[in-house]
Amino acid sequence: MSQAFDHIVIGAGISGLGAAHLSARKGFKTLVLEASERIGGCIHSLSFAALGGFWVEAGGHTCFNSYGNLLSILDDLGLTQEVKPKPSLSYKLWRDGQRCSILSALHPLEALGSLPRIFKEPKAGRNVRDYYSAILGSRNYQDLLRHAFQAVICQPADDYPAEVLFRRKPRRKDVVKAFTFDRGISTIPEAIAAQNGLEVRTGQRIERIERHAAGFQVELADGQILDAAYLTLAVPPDAAAQLLPRGFEALRDLVARIPMSELETLVLVFRREDLKALKPFAGLIGVEAPFYSAVSRDFLPDGGYRGLAFHFRPVALTLEEQLQVACAALGVGPEQVIAKQRVHNRLPALRAGHLGLVEQIDRALAGERLGMTGNWFIGISMEDALTRSRLEHRRLFGG
Ligand SMILES: Cc1cc2nc3c(=O)[nH]c(=O)nc-3n(C[C@H](O)[C@H](O)[C@H](O)COP(=O)(O)OP(=O)(O)OC[C@H]3O[C@@H](n4cnc5c(N)ncnc54)[C@H](O)[C@@H]3O)c2cc1C
């Protein structure tokens, strides 16, 4: 027997949960199917039960008051009042075996000489290396910006599209500039999934999807058949290309052109007293290092522990080698690590000209009851993902 829904969303990262939230709030019977046993995707406040629930962000760690779509969901859920401000701690560079200040890598004269070009250098269609070398100088790009950008996007920055990296968005004055929650960013996906009128099933394997006259039929590996008038794919582009039903071959070819970047995250926890020599800091930016960045949990101090997530390049370092690298950067011995866990993260590797590709994808989706969302349309931040989910919601359901 088949079950019928108004809207099935595939993928329970923030994009999919955002899409589901919007349709469920409009009264559509909405189901989310997630492959993994955990919801949240790249949002993962990794909690250590043996350490009294001390947690470290293994993925997305900061939300801003410019995240209007995210904030409107938090308003709906009554969560806006619960945000915890993040103090502005600074990052350090990890360069040539030393922790040093970010300013130590800046070439101020070159920056001053290049900066006036900011007004005439076009951004559209250019990659990060070309655009930022032009407006701040190529030495500043090579020695500083490149590494800072890599730390932000957790992947090589040179070929990333400049127009997608940062975008000015209006700020909500009633909300603190940067925030998290007492239990970390995972509070958001968990609250979306827990609300009435929205069902989330984890550990789901989708065998095939077929399009029919009144919508879509989803067949699960356990033989269940689910029908839906509308379907939204909220999975990475490689997974979306695999899931697309017959009849969407041209769309599949476009989506398959977006590559993914892999990263290995190593989360480490220390006793507070063992990291005494290290002042509270936001984290490290790796300069020609095996890791792009290390993000600390110091923004929400804990009485007993300190934690960091090291985001490693996908090179073949063993766990022991990663531990050595991370502990050297913190100036401690591996024996002082009291808890550790590795997490595999994936992010889209967008390329110059990406927005043109998205236009083609949107043309192929026009008039269909199929939505597509994710962090691979507008940009990779949580807000970019939710902006896409809202645009697709309007296209499918109106308003
Ligand atoms: C280390 C790191 C740090 C970051 N820091 C920040 C930050 O501070 N601020 C910020 O705004 N953004 C940050 N981001 C980016 C942001 O967290 C992500 O881009 C965003 O959460 C992605 O959401 P998504 O739903 O589009 O994709 P994902 O989170 O990747 O979710 C996709 C979901 O689809 C599921 N799935 C895949 N295939 C299938 C299938 N066949 N069937 C069913 N389900 C499937 C996956 O299991 C996953 O749950 C960070 C990302 C990383 C990795």
Side-chain angles (χ1 to χ4, degrees), residues 8-21 31-46 56-64 66-67 69-70 86 150-155 164 166-167 169 178-180 184-186 188-189 192-193 200-209 218 220-221 231-244 258 260-267 282-283 291-295 299 308-312 343-350 372-389 392:
I8 292 181
V9 178
I10 301 182
I14 195 67
S15 304
L17 290 169
H21 173 89
L31 171 70
V32 182
L33 298 172
E34 165 59 47
S36 119
E37 295 299 338
R38 181 184 64 80
I39 63 163
C42 292
I43 298 177
H44 188 179
S45 312
L46 179 65
V56 178
E57 298 291 10
H61 47 88
T62 310
C63 300
F64 298 94
S66 56
Y67 284 14
N69 287 299
L70 177 75
K86 287 188 81 172
Q150 285 178 176
V152 172
I153 59 175
C154 285
Q155 58 184 283
V164 166
F166 301 116
R167 226 189 314 264
K169 304 183 235 357
F179 63 86
T180 179
I185 303 287
S186 284
I188 303 171
I192 297 175
V200 181
R201 297 183 191 166
T202 53
Q204 303 294 302
R205 233 189 73 216
I206 292 149
E207 202 61 37
R208 115 176 22 87
I209 301 175
V218 179
L220 300 178
L231 178 78
T232 294
L233 297 182
V235 295
D238 50 355
Q242 276 190 0
L243 288 172
L244 274 169
I258 302 172
M260 291 297 289
S261 182
E262 315 286 327
L263 59 143
E264 285 177 14
T265 297
L266 176 63
V267 174
F291 58 87
Y292 298 115
S293 65
V295 178
F299 53 81
L308 289 108
F310 278 82
H311 302 298
F312 277 92
V343 173
H344 186 77
N345 273 312
R346 311 184 74 217
L347 283 167
L350 309 181
M372 274 193 146
T373 181
N375 55 357
W376 43 281
F377 288 89
I378 295 168
I380 62 171
S381 77
M382 295 173 219
E383 177 64 10
D384 292 330
L386 285 172
T387 304
R388 172 70 186 185
S389 297
E392 283 296 82

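In each ligand, atom 1 is the first atom listed, and ligand 1 is the first ligand listed. FYI, side chains are in, hydrogens and waters are out, and symmetry mates aren't considered; it's all heavy atoms of this structure.
- Of all protein heavy atoms, the one closest to atom 30 (O) of ligand 1 is Cys42 SG, 3.7 Å.
- Residue pairs meeting the salt bridge (charged side-chain N to carboxylate O under 4.0 Å, His left out) criterion with at least one member in residues 232-241, sequence neighbours excluded, are Asp238-Arg346.
- In summary, the atoms of ligand 1 found under 4.0 Å from a heavy atom of Ala239, numbered by their order in the structure, are 38 (N).
- Glu262 and His344 form a side-chain donor-acceptor contact under 3.5 Å, judged by distance and modelled atom types alone.
- Atom 9 (N) of ligand 1 has Thr62 O, 3.0 Å as its closest protein atom, hydrogens excluded (heavy atom only).
- Distances below 4.0 Å separate heavy atoms of Gly374 from the following atoms of ligand 1: 26 (O).
- Near Ser381, meaning under 4.0 Å from one of its heavy atoms, ligand 1 places the atoms 11 (O), 12 (N).
- For Arg38, there are no side-chain hydrogen bond (donor to acceptor under 3.5 Å, both in side chains) partners two or more places apart in sequence or in a different chain.
- Contact annotation for Pro236 and ligand 1: only side-chain heavy atoms (C-beta onward) come within less than 4.0 Å of the ligand.
- Close contacts between ligand 1 and Ile43 involve ligand atoms 21 (O) [criterion: under 4.0 Å to a heavy atom].
- Using a 4.0 Å cut-off to heavy atoms of His61, the atoms of ligand 1 that qualify are 5 (N), 6 (C), 7 (C), 8 (O).
- Remark: distances from the non-hydrogen atoms of Tyr67 to ligand 1 include one below 4.0 Å.
- Summarising the geometry of Asn345 relative to Gly59, their closest heavy-atom pair is ND2-CA, 4.4 Å, with the distance given to 0.1 Å.
- Here Leu347 has side-chain heavy atoms under 4.0 Å from ligand 1, and that is the only part of it that gets that close.
- The protein non-hydrogen atom at the shortest distance from atom 1 (C) of ligand 1 is His311 CE1, 3.3 Å.
- His44 places none of its side-chain heavy atoms less than 4.5 Å from the side chain of Glu57.
- For ligand 1, the polar-atom distance check finds an N/O of Ile380 within less than 3.5 Å of one of the ligand's N/O atoms.
- In this structure, Arg388 contributes its side chain and Met372 its backbone to a donor-acceptor pair below 3.5 Å.
- Here the protein heavy atom with the shortest distance to atom 14 (N) of ligand 1 is Gly60 CA, 4.0 Å.
- Near Ala234, with a cut-off below 4.0 Å to any heavy atom, the atoms of ligand 1 are 32 (C), 34 (O).
- Annotation: cation-pi pair Lys86/Phe299 present, NZ/CZ under 6.0 Å from the ring centroid and within 45° of its normal.
- Near Asn375, meaning under 4.0 Å from one of its heavy atoms, ligand 1 places the atoms 18 (C), 19 (O), 22 (C), 26 (O).
- Of the heavy atoms in Asn345, only side-chain atoms (C-beta onward) come closer than 4.0 Å to ligand 1.
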Steps toward side-chain contact (heavy atoms from CB on, under 4.5 Å) verdict (Ile39, Thr202): CA-CA 7 Å; Ile39 63 163; Thr202 53; 3.7 Å; yes
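- We find the OG1-CG distance between Thr373 and Leu17 to be 11.0 Å, quoted to the nearest 0.5 Å.
- Residue-ligand proximity, Ile10 to ligand 1, at heavy-atom distances under 4.0 Å covers atoms 42 (N), 43 (C).
- Here the closest non-hydrogen pair linking Val200 and Ala12 is CG1-CB, 4.4 Å.
- Annotation: atom 41 (N) of ligand 1 to nearest protein heavy atom, Leu243 CD1, 3.9 Å.
- Given atom 36 (N) of ligand 1, the protein heavy atom at minimum distance is Val235 CG1, 3.6 Å.
- Across all non-hydrogen atoms, the minimal contact from Ile10 to Leu231 is CD1-CD1, 4.0 Å.
- The protein atom (non-hydrogen) at minimum distance from atom 25 (O) of ligand 1 is Ser15 N, 3.0 Å.
- To the nearest 0.5 Å, atom CD1 of residue Ile258 and atom CG of residue Leu350 are 7.0 Å apart.
- What sits closest to atom 44 (N) of ligand 1 on the protein, heavy atoms only, is Ala35 N, 3.1 Å.
- At most 12 non-hydrogen atoms from other residues, nucleotides or ligands lie less than 6.0 angstrom from CD of Gln242.
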